[in-house]
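Read through the structure below, which is laid out as C-alpha cells, and then see the notes.
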Amino acid sequence: MKSNKLSLKNIHHVYGQERQAGTEAIRHIDLEVRDGELLAIVGASGCGKSTLLNIMCGMIEPTGGEVKIDGERISSGSHRIGYISQTDTLLPWRKIDSNVALGLELEGISKRERLERARQMMALSGLKGFEKMYPHELSGGMRKRAVIIRALIQNPDIIFMDEPFGPLDVFTREALQKEILKMWGERKNTIVYITHDIAEAITLADRIVLLSRRPSVIKNEYIVDLERPRVIEECKYNPKFLQLEKQIWNDIKDELCDADME
Ligand code: ADP
Ligand code: MG
C-alpha cells in the first residue's frame with residue numbers, strides 16, 4: 001500500500017559553493033516524518049528552515065544526502081505535493097474561483113468540473129459568496145484561505161507549509177489554524193509545517209523539531225501530548241501546553257543570534 005512517509009538522510013546544504021566562501025545552511029539532518037503525521041519545524045530566523053523545507057519538497061537539490069517518500073526519490077513524481085509559502089499570492093487578474101481551481105486547470109480538468117469543485121471547497125471554508133470576486137476585494141485572511149484551498153483541492157499526499165500565516169493578525173491566524181486542523185483531521189495528509197511561533201507549533205503538531213542556529217542540526221525533538229481534536233481556545237491554557245512552551249523557549253534561547261536578541 002502506498003505510504004506518505006518521508007525520510008531524510010544525511011542532509012547537508014551549502015549555498016554558492018562555486019564561489020569560494022559558501023554559506024553552510026544545513027550541517028547534518030536525519031529525519032523521518034510518519035505517514036499522516038503533522039510535524040512542525042521551529043528555529044530562529046536564518047537557521048535554515050526554508051532551505052530544509054525546499055529540500056524536502058524537491059525544490060532544492062541538497063549538496064549532500066537524500067530525501068525519499070515511501071522509499072522513492074522525491075523526483076520520481078509518484079506523490080502529489082502541496083506547497084504553501086509565506087509570500088504565496090493569488091493571481092490578481094483571476095476571480096477567486098478560478099484562482100482556487102488553477103491546479104485542476106493545469107491537470108486538464110474541464111472548466112465546469114473544476115469550478116464546481118472550487119465552489120464546494122470555498123463553501124466548506126467560509127468563502128461562499130466570494131467566488132466571482134477578485135483577490136483585491138478580499139481581506140488578507142480570506143486571500144490566505146483561498147491560497148490554502150488552492151493547494152488542498154488537488155488532494156496532495158504531503159503538504160509543505162513555510163510560515164504560511166506570518167503576516168496575519170492573531171485572530172485571523174487562529175481561524176486559519178482551526179482550518180488546518182479541521183482539514184488534517186478529515187484527510188490525514190502528511191504535513192510539514194514551518195513556523196517561528198512556538199505556540200502555533202504546539203497547537204498544531206504531533207511532534208516538533210527544533211533546529212539549531214546555522215549551520216543547522218536538529219537540536220531537540222518534542223512530542224506534543226495533547227488530545228485531538230484540539231480546541232485552540234482551550235488547549236493553549238492546558239498546563240501541558242504551557243510547560244512544553246516554556247521548555248522549547250528555554251532551548252531556543254541559546255540558538256538565537258545576538259542580532260535576534262536586540
Ligand atoms: P530560515 O527560513 O530559517 O529563516 P533560510 O533557510 O531561508 O532560513 O536561510 C538559511 C541561510 O541560508 C541564511 O543564512 C540565508 O542567508 C542563506 N540562504 C538562503 N537562501 C539562499 C540562497 N538562495 N543563496 C544563498 N544563501 C541563501
Ligand atoms: Mg524561512
Side-chain angles (χ1 to χ4, degrees), residues 6-31 33 38-67 74-75 81-89 140 143-144 147-148 151 158-170 172-173 176-177 180 190-205 207-222 245 248-262:
L6 188 68
S7 106
L8 280 77
K9 282 213 178 71
N10 280 324
I11 299 295
H12 175 246
H13 194 70
V14 182
Y15 282 109
Q17 272 180 319
E18 64 278 7
R19 280 170 281 134
Q20 272 200 330
T23 305
E24 187 183 13
I26 296 176
R27 168 74 42 100
H28 177 99
I29 288 186
D30 284 324
L31 179 64
V33 189
L38 204 166
L39 177 86
I41 299 178
V42 297
S45 141
C47 75
K49 301 183 294 300
S50 296
T51 303
L52 184 63
L53 196 76
N54 291 340
I55 289 172
M56 282 175 150
C57 67
M59 280 201 290
I60 297 182
E61 180 73 26
T63 48
E66 62 176 13
V67 182
I74 181 116
S75 53
I81 304 288
Y83 179 86
I84 301 172
S85 80
Q86 182 168 354
T87 52
D88 254 347
T89 48
R143 283 198 292 267
K144 204 69 195 186
V147 164
I148 294 170
I158 307 187
I159 309 175
F160 297 96
M161 298 196 218
D162 193 355
E163 309 205 31
F165 308 147
L168 300 171
D169 66 85
V170 64
T172 311
R173 285 176 80 110
L176 290 168
Q177 287 165 7
I180 297 282
T190 303
I191 298 185
V192 182
Y193 192 100
I194 302 264
T195 178
H196 60 261
D197 181 338
I198 294 169
E200 179 168 80
I202 301 172
T203 302
L204 297 177
R207 183 166 57 117
I208 300 172
V209 165
L210 170 63
L211 297 186
S212 71
R213 65 164 81 182
R214 189 179 65 78
S216 53
V217 295
I218 292 178
K219 163 132 195 220
N220 214 340
E221 261 190 43
Y222 315 85
E245 191 176 21
I248 300 177
W249 261 115
N250 232 0
D251 293 348
I252 209 172
K253 262 195 329 237
D254 307 335
E255 305 308 323
L256 299 175
C257 302
D258 297 339
D260 294 321
M261 302 290 260
E262 281 166 8

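Just so you know, ligand 1 is whichever comes first in the structure, and atom 1 is the first atom listed for that ligand. The chain is numbered in sequence order, starting from 1.
Interface of Thr51 with ligand 1, defined as ligand atoms under 4.0 Å from a residue heavy atom, comprises 5 (P), 6 (O), 9 (O), 10 (C). Close approach to Ser50 involves these atoms of ligand 1, each under 4.0 Å from a residue heavy atom: 1 (P), 2 (O), 6 (O), 7 (O).
Residue contacts with ligand 1 include Cys47, since one or more of its heavy atoms lies under 4.0 Å from the ligand. Using a 4.0 Å cutoff on heavy atoms, Ser45 counts as a contact of ligand 1.
Checked by atom type, the side-chain pair Asp251/Tyr222 shows a donor-acceptor distance below 3.5 Å. A donor and an acceptor atom, one from each side chain of Tyr193 and Glu200, are located under 3.5 Å apart.
Remark: side-chain polar atoms of Ser216 are paired, donor with acceptor, to backbone N or O of Cys47 under 3.5 angstrom. For Lys144 (side chain) and Phe165 (main-chain N/O), no donor-acceptor pair under 3.5 Å exists by modelled atom type.
Checking only distances, Gly48 does come within under 3.5 Å of ligand 1, N or O to N or O.
Checking Ile11, Thr51, Leu52 one by one against Pro62, the side chain to side chain contact (heavy atoms under 4.5 Å, CB included) holds for a single residue, Ile11.
Within the coordination shell of the Mg ion (ligand 2), defined by N, O or S atoms under 2.8 Å, Ser50 is present.
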